[in-house]
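Shown next, in structure tokens, is the structure this report addresses.
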Amino acid sequence: MSGANRIAGAGRLTPAKKVRFSFDGEIYTALEGDTLASALLANGVHLMGRSFKYHRPRGVLGAGAEEPNALMGIERDASRQQPNVRATVQEVFEGMTAVSQNRWPSLAFDVGSVNNLLSPIFAAGFYYKTFMWPKIAWEKLYEPIIRGAAGLGVAPASADTDHYSSRYLHADVLIVGGGVSGLSAALAAAKTGASVILCDEQAQMGGALSYESGVSVDGVSGFDWASNAAAQLAALDNVRVLTRTTAFGYYAQNFVGLVERVTDHLADPRADMPRERLWQVRARQVILATGSIERHMVFANNDRPGIMLSSAARIYLNQYGVAVGTKVGVYTANDSAYETAFDLKRAGVSVEAIVDCRDNPGEGLLSTAADLGIQVLTGHSVVDTKGARRVSSMIVERNGGGARQTFAVDALIMSAGWTPSVHLYSQSRGKVVWDDGTQRFLPGECPQDCASVGACNGTDALQASIDEAIAAGVQAAVDCGKKPASTVITGEGAGDWTGGMAGSAAGAGADTTVKAFVDFQNDVTAKDIRLAVREGMHSIEHVKRFTTNGMASDQGKTSNIHGLAIAAEALNREIPQVGLTTFRAPYTPVTFGSIVNHGRGGLFDPARKTPFHDWEERHGAVFEDVGQWKRAWYYPRVGEDMHAAVNRECRTVRESAGLFDASTLGKIEVVGPDAAQFLDLMYTNGWSKLKPGRCKYGIMLREDGFIYDDGVVARIAEDRFHVTTTTGGAPRVLHHMEDYLQTEFPHLNVWLTSSSEQWAVIAVQGPKAREIIAPLVEGIDLSSEAMPHMSAREGRICGVPTRLFRVSFTGEAGYEINVPANYGPAVWDAVWAQAEPLGACVYGTETMHVLRAEKGFIIVGQDTDGTVTPHDAGLGWAIAKSKPDYVGIRGLMRPDLMADGRKQLIGLKTKDPNTVLEEGAQIVADPNQPVPMTMLGHVTSSYWSQNCGRSIAMALLVDGRAKMGQTFYVPMPDHTIEVEVSSTVFFDEKGERVNG
Amino acid sequence: MLLIHCPYCNEERPELEFRHAGEAHIARPTNITAISDEEFTQFFFLRDNPKGIAFERWRHMHGCGRFFNAVRDTVTDKFVTTYEAGQPRPDLPAGGENEKGAGK
Amino acid sequence: MAKATMAAATGPLDGQVAGSALVSIKPMEPASRLAIRARPDAIASLSKVLGVKLPQAPKTSAQSTAAKSRQRVALWLGPDEWLVIDDGNADLMGICAKAKGLYSAVDVSHRNTSVLVSGKGAEATISAGCPQNLSLDVFPVGACARTLLGKTEVVLYRVEEDVFRVECWRSFSTYVFAFLAEAGQSPMI
């Protein structure tokens with residue numbers, strides 16, 4: 001048995017296909033295809049959750065995406081737990097574990113429900129007004145308590161082990177919604193040969209056809225027609241049919257986000273299947289066939305478990321074969337609830353009474369009710385209900401007053417009418433229009449290439465919906481350049497559900513204090529909305545935020561119109577004058593997993609590794625992140641900490657030699673007859689006189705005169721330069737240069753090509769550098785006479801081509817060996833085999849930083865910060881005096897940049913040589929000045945220098961170069977450090993070692 | 001995500017391939033060293049940032065690599081037209097041209 | 001120095017392989033590549049010496065038909081920019097040097113590496129991360145474009161209906177390969 005309330009012969013599930021699941025520890029049996037909600041109802045479980053604020057017992061309200069009440073935690077295993085899942089959407093699978101939320105210790109007995117008794121205090125705006133005083137209590141008391149009580153569901157504690165997939169998809173026509181309108185539009189569009197995507201959030205196509213029992217289309221039952229149509233479409237090459245797929249966001253230029261739930265309904269999904277797939281669809285035309293959502297009646301205690309939408313009861317009966325009760329009451333302001341009552345009665349369920357607040361229901365309904373023996377009370381209202389954990393009775397009163405009748409019921413179904421689902425239309429930036437005749441908001445003009453058809457467009461009659469959808473499908477295809485093709489579909493037997501009411505019903509009016517819920521999930525009552533208006537909220541946007549109506553995860557799918565009508569009534573204005581809040585994406589909640597999809601773990605961000613990375617890893621390198629690059633930071637030997645390793649590496653380079661991976665430096669090949677002229681414009685230096693085979697240090701400015709980048713540039717040939725940039729600056733420097741070349745100097749015959757990754761670069765630095773590489777190099781005279789400092793040669797090393805540069809960022813004699821990247825590892829091995837026996841080491845970026853600081857070489861971005869000119873950095877010598885123009889030339893002439901008082905880069909020596917300053921520390925003249933002190937500059941680089949036997953630092957200091965030898969102070973939290981201004985060159989001040 | 005028509009690729013391409021590059025039609029003075037501080041300020045620091053029709057530079061960064069110009073409505077976020085770098089400002093049709101089908 | 005011991009070449013994806021029943025993802029053998037930029041007056045001469053006509057229409061490529069350069073293809077990347085790839089590892093820089101006119105040729109053989117994605121699920125696999133429309137009518141056989149795959153730039157070249165060459169910079173290749181491998185687990189065709 002799959003539940004006592006399953007009606008034999010009803011519904012479409014197969015009785016033999018049973019699955020077992022647990023809810024709050026109890027094991028239940030369901031049928032394959034059940035939702036969690038239908039399975040629980042089949043087993044007589046109506047109590048499915050507790051409301052957010054008052055912890056009131058709640059059952060299921062709907063049977064679809066709009067569900068505000070039945071939110072659960074679904075657990076597959078320890079790492080796969082999803083809170084706030086709508087039981088009406090989640091399909092049951094074998095072994096599924098579901099738990100209720102927002103209750104402690106149990107769903108039936110919940111301590112938090114004391115809030116319900118205190119509800120007079122917890123009116124709308126309670127939080128804003130109550131926790132104001134005393135101020136200190138907010139941080140210490142109120143906020144921790146409120147945070148503890150807040151939030152719905154429990155976030156999973158461990159990382160999600162599922163994976164998620166992404167897919168861009170392009171189509172002629174995207175159709176959202178697979179009801180009769182969507183299917184008709186899809187059939188019509190597909191027939192023209194257009195590429196079509198049809199998606200629906202349900203597990204099957206059909207929409208309302210899945211429960212509208214009397215409908216037939218093209219001579220067969222509506223649901224059979226829908227199933228056939230879906231199968232027919234899926235078989236076509238030009239159509240993609242996506243079930244369990246929600247269109248959650250409609251963005252610019254027909255860009256629509258869909259999320260497909262791939263495995264949530266499967267007991268044992270294959271490991272290669274993503275849990276969800278994000279489809280990012282670009283459609284030339286969009287057809288919205290999103291249907292409509294039934295509204296509940298707003299009356300006293302309308303939230304007891306067992307009280308639900310009439311359409312939901314009809315779905316549970318006709319799709320799942322589940323009776324929502326044995327004695328069902330009906331409360332309606334619309335004809336659709338009659339159809340449910342009739343279906344229930346025909347299935348053998350007792351319908352106690354249909355209470356219709358209208359005097360005149362639709363034609364023929366009263367006689368059908370009479371034929372079926374159902375009592376109808378027109379001009380009556382349900383004014384209250386009873387029942388603790390499930391509704392037990394409804395109390396009915398004639399409109400305008402009179403004696404009350406009580407009907408014992410175990411379910412109460414209701415309908416206030418239908419709200420067209422204009423969410424996606426609104427997201428597309430469409431403006432909804434109030435239709436006075438039918439009292440509802442409908443799509444207005446479409447701002448994008450889009451059409452709304454069927455119920456979401458306010459088209460109520462079945463054949464009219466079909467015809468409208470076919471016309472839209474053909475038109476969309478024609479707009480994509482297809483030839484029209486004719487499609488005819490005939491439907492009959494559907495009821496007309498136009499009309500209904502919005503706002504509070506009898507017994508819940510302005511003169512009452514009853515709890516008549518408008519928004520179930522956020523516990524907003526009609527009274528709360530009136531209070532908001534009394535408190536001065538006159539805009540619906542303010543009412544919404546004050547009461548939180550429509551702000552829960554269901555986004556007010558059932559509550560918005562009621563809330564608006566009640567506010568309008570309280571304001572004594574018409575509904576369109578009060579306005580509707582804007583619908584925003586997502587339509588229903590979307591997991592972070594599907595948004596992030598592939599971009600997690602190793603694919604979160606590319607990790608760029610140099611050709612030498614494997615070697616470095618094998619030799620114990622510790623890596624640091626430099627942008628996306630993984631760079632070897634230092635190479636600790638056994639027993640060494642970072643400090644010891646860096647000290648050893650620094651000493652070894654200067655005593656013997658060191659190998660360094662410089663591959664990450666940006667490289668740009670500048671080629672063309674005007675290459676030198678172009679570089680003259682891009683750098684402060686002059687390039688025209690640089691001879692092929694020579695290198696030069698260049699400084700690049702922005703137009704405002706501040707340093708943008710620097711690097712060594714080698715002239716390979718008259719018309720070919722090998723430019724290097726900082727590691728981090730490579731992409732933006734190329735962008736900057738391309739910008740000037742394309743848009744300011746397009747007349748120059750020169751081109752730029754990134755060659756950063758063409759070359760693997762081994763820096764060999766130190767007194768033994770030449771000795772190390774000499775045996776490996778062919779065709780290049782390495783003597784200082786033939787190849788002095790700042791020269792570049794092409795030749796071979798280890799038998800492969802190289803661009804060999806004699807350059808130094810350490811102050812030692814040294815080389816940078818550029819080889820085509822794939823040869824890098826083998827060449828490195830060969831160089832290391834030479835270097836190691838000579839006592840050389842391999843060093844990382846930390847040692848590189850220390851060695852260059854010993855020489856006073858700047859690092860752009862560390863010693864400069866975008867407000868430093870070449871003069872400030874002590875690099876005035878690198879500005880060519882005679883050039884008529886270069887980027888930044890005018891910026892440097894700005895008065896502020898030429899005035900005294902600018903911060904200049906200088907060296908700092910601490911009075912105590914063992915004290916190492918902190919980078920970023922501020923510099924003051926008078927340590928006894930009261931705070932705020934006059935800050936004269938800051939430390940930009942600071943290290944322990946093993947080679948100098950003391951700490952060294954560089955700093956930017958106001959008029960620093962005029963203050964050589966003067967004493968300043970660096971205040972720290974608990975002491976003050978005395979420093980002396982010095983040159984930035986701490987080692988080999990004459991610079992003789994590079995020539996060695 | 002917008003679609004942007006690249007005038008060099010002659011095709012609409014996804015916005016992800018592009019990078020915005022500031023206001024268009026601001027030429028670097030050829031006599032830049034001779035201009036006054038005020039003129040430099042106007043050239044380098046001040047921008048119009050209009051509400052409505054704006055002339056912008058974009059680069060098809062992850063595509064053909066070309067810089068080009070675009071006319072975009074900053075209120076509707078819709079492109080009116082795009083054209084090659086170095087071309088003069090286009091004549092714009094008067095009003096209402098960008099109600100539908102942006103970027104065409 | 002003994003010339004016999006020429007350093008061996010090591011590719012960043014050596015030995016890797018991935019895919020599923022629907023798609024095969026594998027690194028390609030080393031190739032020689034040239035980044036060419038040229039003024040119009042040099043195009044004819046460059047085409048002649050390279051034995052492949054540098055295409056002038058956006059998003060198109062040209063395959064060499066000459067016997068000695070049959071493994072050579074020229075991809076249009078921009079209005080004055082081409083990527084020439086020779087899977088036979090010909091000395092493209094040397095060949096190119098004979099061309100007349102204003103142009104720039106830069107050897108990028110080792111800058112790029114390529115992954116071959118083939119099989120019925122190839123287009124679907126790449127569409128996991130490429131925002132361009134890769135359907136056959138919009139991105140036909142022979143089409144090529146610099147674009148994005150996930151968070152990196154790639155050059156995409158459709159060799160056959162179900163065969164794509166994905167070119168990327170060397171250090172991005174592990175990301176590109178891993179991305180394709182994950183997306184290729186269960187591509188939705």
Side-chain angles (χ1 to χ4, degrees), chain A residues 163 165-170 195 260 270-274 277 280 282 597-599 602-611 628-629 664 669 671-673 719-720 749-760 775-778 797-800 819-827 829-830, chain C residues 1-12 14 20 30 33 35-39 80-81 102-113 124-135 137-138 150-152 168-176 178-179 182-188:
Chain A
H163 73 279
S165 173
S166 135
R167 177 72 178 275
Y168 289 96
L169 188 62
H170 304 257
S195 61
E260 178 189 5
R270 289 201 324 265
D272 63 349
M273 292 171 88
R277 185 179 283 113
Q280 297 182 74
R282 181 79 68 176
N597 56 72
H598 300 292
L603 295 175
F604 172 66
D605 201 31
R608 304 177 68 183
K609 294 174 181 174
T610 76
Q628 292 174 322
W629 286 104
T664 63
E669 194 101 330
V671 181
D719 62 351
R720 186 176 292 259
N749 287 309
V750 58
W751 294 273
L752 313 169
T753 304
S754 174
S755 55
S756 299
E757 299 217 39
Q758 167 70 11
W759 305 102
L776 306 173
V777 173
E778 292 169 75
I797 186 164
C798 305
V800 301
V819 290
N822 287 354
Y823 298 125
V827 173
D829 283 343
Chain C
M1 170 77 209
K3 291 187 180 169
T5 58
M6 177 167 158
T10 316
D14 286 359
S20 60
R33 299 174 179 86
I36 293 186
R37 306 291 298 273
R39 294 281 188 233
D80 68 347
E81 181 178 1
L102 287 165
Y103 70 94
S104 150
V106 176
D107 184 359
V108 291
S109 309
H110 295 239
R111 181 190 73 176
N112 289 14
T113 192
T125 298
I126 294 168
S127 289
C130 178
Q132 278 204 32
N133 185 349
L134 301 181
S135 59
D137 50 336
V138 178
K151 297 176 180 181
T152 62
C168 65
W169 287 9
R170 199 179 196 285
S171 70
F172 291 107
S173 63
T174 46
Y175 171 88
V176 165
F179 187 97
E182 186 177 305
Q185 280 181 41
S186 59
M188 274 288 283

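Letters A, B, ... mirror the listed sequences (proteins, then strands); counts begin at 1.
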Contact leader toward chain A among C:Arg37, C:Glu81, C:Arg170, where contacts are heavy-atom pairs under 4.5 Å: C:Arg170

Out of C:Ser173, C:Gly129, C:Ser171, return the one with the most heavy atom pairs under 4.5 angstrom to chain A. C:Ser171

Applying a strict 4.5 Å limit to non-hydrogen atoms, the region of C:Arg33 in contact with chain A is neither

Using ring pair (Phe, Tyr, Trp, His ring centres under 6.0 Å) as the criterion, list what pairs up with C:Phe172, not counting sequence neighbours. none

Counting heavy-atom pairs under 4.5 Å with chain C, the top scorer among A:Ala821, A:Ala271, A:Gly599, A:Ser195 is A:Ala821

Name the region of A:Leu752, side chain, backbone, both or neither, that has any atom closer than 4.5 Å to a heavy atom of chain C. backbone

A:Trp629 versus chain C, heavy atoms under 4.5 Å apart: side chain, backbone, both or neither? side chain

Output for pair (A:Asn749 CG, C:Ser104 OG), nearest 0.5 Å, gives 11.5 Å

Main-chain N/O of C:Ala128 paired with A:Ser166 side-chain donor or acceptor, under 3.5 Å: yes

With a 4.5 Å heavy-atom cut-off, do C:Lys151 and A:Phe604 have their side chains touching? yes

Quick check on the interface: out of A:Ser165, A:Ala760, A:Pro611, who has the most heavy-atom pairs with chain C under 4.5 Å? A:Pro611

Pairwise distance OH(C:Tyr175) to NZ(A:Lys609) - rounded to 0.5 angstrom: 14.5 Å

Between C:Ala38 and chain A, with a heavy-atom cut-off of 4.5 Å, which part of the residue counts as in contact: side chain, backbone, both or neither? backbone

Chain C: which of A:Ser755, A:Pro606, A:Pro673, A:Ala826 shares the most heavy-atom pairs with it under 4.5 Å? A:Pro606

Evaluate side chain to side chain contact (heavy atoms under 4.5 Å, CB included) for A:Leu603 paired with C:Glu182, printing each intermediate quantity in order. CA-CA 9 Å; A:Leu603 295 175; C:Glu182 186 177 305; 3.6 Å; yes

Need one label for C:Gln132: side chain, backbone, both or neither, based on atoms under 4.5 Å from any heavy atom in chain A. backbone

Interface check, chain A: of C:Ser109, C:Cys130, C:Ser20, most non-hydrogen pairs under 4.5 Å belong to C:Cys130

Flag the pair C:Met6 / A:Tyr823 as yes when at least one side-chain heavy-atom distance between them is below 4.5 Å, and no otherwise. yes

So which of A:Arg270, A:Arg720, A:Gln280 has the largest heavy-atom pair count under 4.5 angstrom toward chain C? A:Arg720

State whether a side-chain donor-acceptor pair under 3.5 Å links A:Arg282 with C:Asn133. no

Given heavy-atom pairs under 4.5 angstrom as the criterion, report whether the side chain, backbone, both or neither of C:Thr10 touches chain A. both

Below 4.5 Å, heavy-atom pairs only: which of C:Ala105, C:Ala35, C:Ala124 has the largest tally toward chain A? C:Ala124

Nearest heavy-atom approach of A:Arg277 to C:Ser186 is NH2-O, 3.4 Å

Enter the distance from A:His163:NE2 to C:Gln185:CD here, rounded to the nearest 0.5 Å. 4.5 Å

Between atom CG of A:Asn822 and atom CG of C:Asp14, what is the distance when rounded to the nearest 0.5 Å? 7.5 Å

So A:Arg608 and C:Trp169, do their side chains get closer than 4.5 Å, heavy atoms only? yes

Given 3.5 Å as the limit, does a donor-acceptor pair link the side chain of A:Glu757 with the main chain of C:Asn112, or not? no

Is it the side chain or the backbone of C:Thr174 that comes within 4.5 Å of chain A heavy atoms, both, or neither? side chain

Contact check, side chains of A:Ser754 and C:Arg111, non-hydrogen atoms, under 4.5 Å: yes

Counting heavy-atom pairs under 4.5 angstrom with chain A, the leader among C:Pro187, C:Ala8, C:Ser135, C:Pro131 is C:Pro131

